[in-house]
Colleague: 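Supplied in structure tokens, the structure appears directly below.
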Amino acid sequence: MYHPILQVYTEPHSKKEWATEDDLINLSNLIPIASHVKAIYNRDSFMRQFEQWFMKHHMGTFSHDSFILAPDARRNYFAGRFPEFRNNLKALDAVTESLYISDYNYMDNLLSELVSSFSDHRSCYVMESDNPPVPFDRFIRTATPGMPYHIGAVLEYHG
């Protein structure tokens, strides 16, 4: 499955400054599940879809190739996910020493579900300027509401 990697800047940058797949070729370990990275085929189409998603989820304002996160963007984005996270914590808390020691698959599954309910590592990634890509969940948690983010390169990875 293909997922996007958005490069964002706090100020507009010219297209010649945007990242390319060559910039990420030696950084494949940054997205552990990526088998390869390439430029997205139809950037304009992707940008329209991203804008529709952004507006549908009340994330803020979107204009051409830039967006501004609303003060409540984090709450809107993570709506409904906290209960899942809490349930995964409870399941982990209920683990006995015997299960912890002897049932690798069960424990591995519990831990994977907990991590996924906190940050989806199999979805969109964001590169701030030329920094390494991070999961979209992390970007939303650390991005500054009210700050304009200008989208540069739009790449995709296969994972």
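These figures come from a predicted structure and were not determined experimentally. Position 1 is the first residue of the sequence; numbering continues from there.
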Colleague: Linking I/L/V/M/F/W/Y whenever any side-chain heavy atoms sit under 4.5 Å apart, do F62 and I140 land together?
Modeller: yes

Colleague: If you take all heavy atoms of P71 and P145, which pair is closest and at what distance?
Modeller: CA-CB, 3.9 Å

Colleague: Report the distance from atom NE2 of H3 to atom OG of S123, rounding to the nearest 0.5 Å.
Modeller: 6.5 Å

Colleague: Could you give the distance from NE2 (H150) to CZ (F67), rounded to the nearest 0.5 Å?
Modeller: 10.0 Å

Colleague: Please tell me if the side chains of N105 and D103 come closer than 4.5 Å, counting only heavy atoms from C-beta onward.
Modeller: yes

Colleague: Are I101 and M107 connected in the hydrophobic side-chain network, where two residues link if heavy atoms are under 4.5 Å apart?
Modeller: yes

Colleague: Measure the CZ-CG distance between F139 and L69 for me, rounded to the nearest 0.5 Å.
Modeller: 5.5 Å

Colleague: Is it the case that one hydrophobic cluster holds both V134 and V8, taking links as side-chain heavy atoms less than 4.5 Å apart, direct or via other members?
Modeller: yes

Colleague: Going by the ring pair (Phe, Tyr, Trp, His ring centres under 6.0 Å) test, which pairs reach into residues 87-110, not counting sequence neighbours?
Modeller: none

Colleague: Output all residues satisfying salt bridge (charged side-chain N to carboxylate O under 4.0 Å, His left out) with E156, sequence neighbours left out; order by chain, then residue number.
Modeller: K38

Colleague: Show me the donor-acceptor pairs, under 3.5 Å and distance only, between side chains in residues 108-115 and residues at least two apart or in other chains.
Modeller:
residue : atom : partner : partner atom : Å
N109    : ND2  : E113    : OE2          : 3.2
S112    : OG   : D108    : O            : 3.0

Colleague: Compute the centroid of each ring, for F85 and then for F78, and state whether the two points are separated by less than 6.0 Å.
Modeller: no

Colleague: Measuring from L155:CG to T20:OG1, what's the distance to the nearest 0.5 Å?
Modeller: 7.5 Å

Colleague: CG of N42 to CZ of R48: how many Å apart, nearest 0.5 Å?
Modeller: 6.5 Å

Colleague: Can you check whether T144's main-chain N or O pairs, donor with acceptor, with Y149's side chain at less than 3.5 Å?
Modeller: yes

Colleague: Enumerate the residue pairs fulfilling salt bridge (Lys or Arg N to Asp or Glu O under 4.0 Å) with a member in residues 68-85, sequence neighbours excluded, ordered by first and then second residue.
Modeller: R81-D137

Colleague: For R138, which residues count as a salt bridge (charged side-chain N to carboxylate O under 4.0 Å, His left out) partner, sequence neighbours excluded?
Modeller: none

Colleague: Describe, in one word, how the ring planes of Y125 and Y157 are oriented to each other, choosing from parallel (under 30°), tilted (30 to 60°) and perpendicular (over 60°).
Modeller: perpendicular

Colleague: More than 12 heavy atoms of other residues, nucleotides or ligands under 6.0 Å from CZ of F136: yes or no?
Modeller: yes

Colleague: Would you say Q7's side chain and I151's backbone share a donor-acceptor pair under 3.5 angstrom?
Modeller: no

Colleague: Is L6 reachable from W18 through a run of I, L, V, M, F, W or Y residues, each pair having side-chain heavy atoms under 4.5 Å apart?
Modeller: no

Colleague: Angle between ring planes, W53 versus H57, binned at 30° and 60°: parallel, tilted or perpendicular?
Modeller: tilted

Colleague: Please list, chain by chain and in numerical order, all residues satisfying side-chain contact (heavy atoms from CB on, under 4.5 Å) with D65, sequence neighbours excluded.
Modeller: R43, M47

Colleague: When rounded to the nearest 0.5 angstrom, what distance separates OG in S117 from CG in L89?
Modeller: 7.0 Å

Colleague: Give the cluster check for M59 versus I68: same hydrophobic cluster or not, with ILVMFWY residues linked at side-chain heavy-atom distances below 4.5 Å.
Modeller: no

